[in-house]
Asker: 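Got a structure for you, written out below as structure tokens; questions coming shortly.
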2 protein chains.
Amino acid sequence: MTIPIYQKIMELIRDEIRNQAPNTPILSERELEKKYNASRMTVRKAIDLLVEEGVLYRVQNIGTFVADSKLHKKTDSHALNSFDLECDYKIIYFDVKDENREVAQKLEISTHDQFVRIVRLNLQNGQPESLDQIYIVRLMIDDSVMNNILNILEFSAKIETGSVNQVFVPMIVPVKFANLLNVKINTPIICVQSKINTKNGRIYAYIESYLNPEAKSIEITI
Amino acid sequence: MTIPIYQKIMELIRDEIRNQAPNTPILSERELEKKYNASRMTVRKAIDLLVEEGVLYRVQNIGTFVADSKLHKKTDSHALNSFDLECDYKIIYFDVKDENREVAQKLEISTHDQFVRIVRLNLQNGQPESLDQIYIVRLMIDDSVMNNILNILEFSAKIETGSVNQVFVPMIVPVKFANLLNVKINTPIICVQSKINTKNGRIYAYIESYLNPEAKSIEITI
DNA sequence: AAGTGGTCTAGACCACAGC
DNA sequence: CTGTGGTCTAGACCACTTA
């Protein structure tokens, strides 16, 4: 349980700039090197990561500066956190199926391979925020967790994802979901189609998230 | 004209793995160090960047592997490339205005400050792909380019952005844009609202992009 | 001339996998 | 035990800006 020095320095810098105005310089790399008694490469690594986060920005030959907090880079795209267990949700439906050409194609499996389907309503302060249709490749789920749907979700949350691919599709809310989402018929909504890939390039899950535009907006800062 | 060594190594690695199957290992860092006659830190920097791009992935204590090309991380979110001059487009409208509360609020300027408004239709193979309403803070545009709208766009393309904030809004296509976008009345579409920030946290431009769902889908791989 | 960030080197030690 | 990626050091030179 040894935290790398560069991570400690990241936290120290965060502390230092917490009350510092945007666009004011932080100490130079050579000053921080002495202050934290670390090598310059280690200090740079800490700064590099904070720059990537959008917390700091560099100007060549001049210095490193505190960024405006509204520039912090975050991706609050809905389905990325689909397996987030912190949220309130209600399971609407759950089964194991096969022989569905469309789903098999999305999951890149044969039509004869099984998949798990979970329909889940996500709540925020009791209000329906989105409805997920989750399809998971049966073969990629450990047998030991198949007995319980909560175990499957917990298992899924731990999957090391290689990347997530999302397509945003505009549509009129499907009639069968309008009531559940507490949205009027004919409301335009966004459906996020996500493919969760493992590191070796196989698809673990395919998710369709129907978002209630009143409760959930997709926002990205890059 | 001196390209850093780590960038050269990135290209060399790209070449090496071009015909290599996904999930097969590349040479170890110490082997690459000798092969390219560079220090390990330099080799690591090259690999680090390729991992960030999603071209490679590491497994601790084991090795570094070629990623599936579908895992390459890209953000093809429309308005990010709004000032991309490579695309075909047609200027629909252009003026300089002020006294618009709503726009002033988005641009975080006083209602008395001027802004430039450009309405632009983006084409792909002659088909309308999206319609942008671009609002730029007048004060942030160099006087020397104000004489020509193309100069303004070129100037904008060169702005060093700190970050881009995007909100995705589902809606029915505005009637006034339906014809231009070659989309039927009542079609559900996505409008991307983008704020282009400079490094010092000021807003340079605000863009509303109305996307033709037939011609343009928003896709992100993270 | 002094100071900055950007790049680079040639070592080093660590924890962990697999044999 | 060997090899891997992860971390770290104490220097160095460069191009550039500002004074």
Side-chain angles (χ1 to χ4, degrees), chain A residues 1-13 16-17 20 22-67 71 158 160-162 198-200, chain B residues 1-13 16-17 20 22-67 71 158 160-162 198-200:
Chain A
M1 189 2 257
T2 89
I3 297 172
I5 297 173
Y6 71 88
Q7 282 179 29
K8 289 182 193 161
I9 293 181
M10 282 176 74
E11 289 316 308
L12 291 169
I13 294 176
E16 283 220 352
I17 66 175
Q20 196 174 325
N23 305 311
T24 56
I26 66 169
L27 295 178
S28 76
E29 295 174 358
R30 281 146 180 106
E31 285 170 319
L32 290 172
E33 182 183 346
K34 288 170 199 159
K35 177 166 183 176
Y36 295 139
N37 197 29
S39 78
R40 182 157 165 237
M41 290 301 264
T42 305
V43 169
R44 269 185 74 77
K45 172 136 187 174
I47 295 176
D48 279 345
L49 293 171
L50 291 172
V51 168
E52 251 178 69
E53 285 182 23
V55 173
L56 302 174
Y57 64 94
R58 298 189 211 259
V59 181
Q60 218 181 79
N61 312 317
I62 306 290
T64 303
F65 299 82
V66 178
L71 301 184
K158 287 179 192 154
E160 267 198 270
T161 58
T198 62
K199 278 186 176 176
N200 65 19
Chain B
M1 171 22 242
T2 93
I3 297 172
I5 297 173
Y6 70 87
Q7 283 179 28
K8 289 181 194 164
I9 294 180
M10 282 176 74
E11 289 316 309
L12 291 169
I13 294 177
E16 284 220 352
I17 66 176
Q20 196 174 324
N23 304 311
T24 56
I26 66 168
L27 296 178
S28 78
E29 295 174 359
R30 284 153 179 98
E31 285 170 319
L32 290 172
E33 182 183 344
K34 288 170 198 158
K35 175 165 183 177
Y36 296 139
N37 197 28
S39 78
R40 181 153 168 240
M41 291 301 266
T42 305
V43 169
R44 269 186 74 78
K45 172 136 186 172
I47 295 176
D48 279 345
L49 292 171
L50 291 172
V51 168
E52 252 177 69
E53 287 181 22
V55 173
L56 301 174
Y57 65 94
R58 298 188 209 260
V59 181
Q60 220 180 71
N61 312 317
I62 307 290
T64 304
F65 300 83
V66 177
L71 301 183
K158 287 180 191 152
E160 267 197 90
T161 58
T198 62
K199 278 188 176 174
N200 64 20

Asker: Using side-chain heavy atoms (C-beta onward) and a distance below 4.5 Å, is A/Ile47 in contact with A/Leu32?
Answerer: yes

Asker: Taking only residues two or more places apart in sequence or in another chain, which ones pass side-chain hydrogen bond (donor to acceptor under 3.5 Å, both in side chains) with A/Lys8?
Answerer: none

Asker: Which residue, A/Asn37 or B/Leu27, contacts DNA chain D at a nucleotide closer to its 5' end, judged by nearest heavy atom?
Answerer: B/Leu27

Asker: Given atom CD of A/Gln7 and atom P of D/dG6, what is their separation to the nearest angstrom?
Answerer: 13 Å

Asker: Please tell me if B/Thr42 has a side-chain N or O lying less than 4.0 Å from either OP1 or OP2 of C/dT7.
Answerer: no

Asker: Applying side-chain hydrogen bond (donor to acceptor under 3.5 Å, both in side chains), can you list everything that pairs with B/Lys199, at least two apart in sequence or on another chain?
Answerer: B/Glu160

Asker: Counting N and O atoms only, with roles assigned by atom type, does the side chain of A/Asn200 sit under 3.5 Å from a partner on the main chain of B/Asn23, one being a donor and the other an acceptor?
Answerer: no

Asker: Let me know the distance between CZ of A/Arg58 and C1' of D/dC16, rounded to the nearest Å.
Answerer: 16 Å

Asker: Look at A/Tyr6 and D/dT7 and indicate whether a side-chain polar atom (N or O) is within less than 4.0 Å of OP1 or OP2.
Answerer: yes

Asker: Going by number, which of residues 44-57 of chain A have a non-hydrogen atom under 4.0 Å from DNA chain C?
Answerer: A/Arg44

Asker: Could you pull out all residues at least two apart from A/Ile62 that satisfy side-chain contact (heavy atoms from CB on, under 4.5 Å)?
Answerer: A/Val59, A/Phe65

Asker: At less than 4.0 Å, is any side-chain N or O atom of A/Ser28 found next to OP1 or OP2 of C/dT4? Yes or no.
Answerer: yes

Asker: Just to verify, what does A/Glu16 make a salt bridge (Lys or Arg N to Asp or Glu O under 4.0 Å) with, not counting sequence neighbours?
Answerer: A/Lys35

Asker: If the condition is side-chain hydrogen bond (donor to acceptor under 3.5 Å, both in side chains), which residues does A/Thr42 pass it with, not counting sequence neighbours?
Answerer: A/Ser39

Asker: If a protein heavy atom is under 4.0 Å from the base, mark B; if only from the sugar-phosphate, S; if neither, -; do that for nucleotides 11-19 of chain C going 5' to 3'.
Answerer: -BB-BBS--

Asker: According to side-chain contact (heavy atoms from CB on, under 4.5 Å), who are the partners of A/Asn61, at least two apart in sequence or on a separate chain?
Answerer: none

Asker: Whole angstrom is fine here: how far is it from CG in A/Leu32 over to C1' in D/dT9?
Answerer: 17 Å

Asker: What stems involve DNA chain C, if each pair must be Watson-Crick or G-U and both of its distances must be under 3.5 Å, with 3 or more such pairs in a row?
Answerer: C:1-16 with D:3-18

Asker: Please name all residues satisfying side-chain contact (heavy atoms from CB on, under 4.5 Å) with A/Pro22, sequence neighbours left out, ordered by chain then number.
Answerer: A/Asp68

Asker: What pairs with B/Arg58 under salt bridge (Lys or Arg N to Asp or Glu O under 4.0 Å), at least two apart in sequence or on another chain?
Answerer: B/Glu29, B/Asp48

Asker: Rounded to the nearest Å, what distance is computed from the CD1 atom of residue B/Ile26 to the C1' atom of nucleotide D/dT4?
Answerer: 12 Å

Asker: Between C1' on D/dG5 and CD on B/Glu31, what's the gap in Å once rounded to a whole number?
Answerer: 13 Å

Asker: Return the set of residues passing side-chain hydrogen bond (donor to acceptor under 3.5 Å, both in side chains) with A/Glu53 (not counting sequence neighbours), or none when no residue passes.
Answerer: A/Arg14

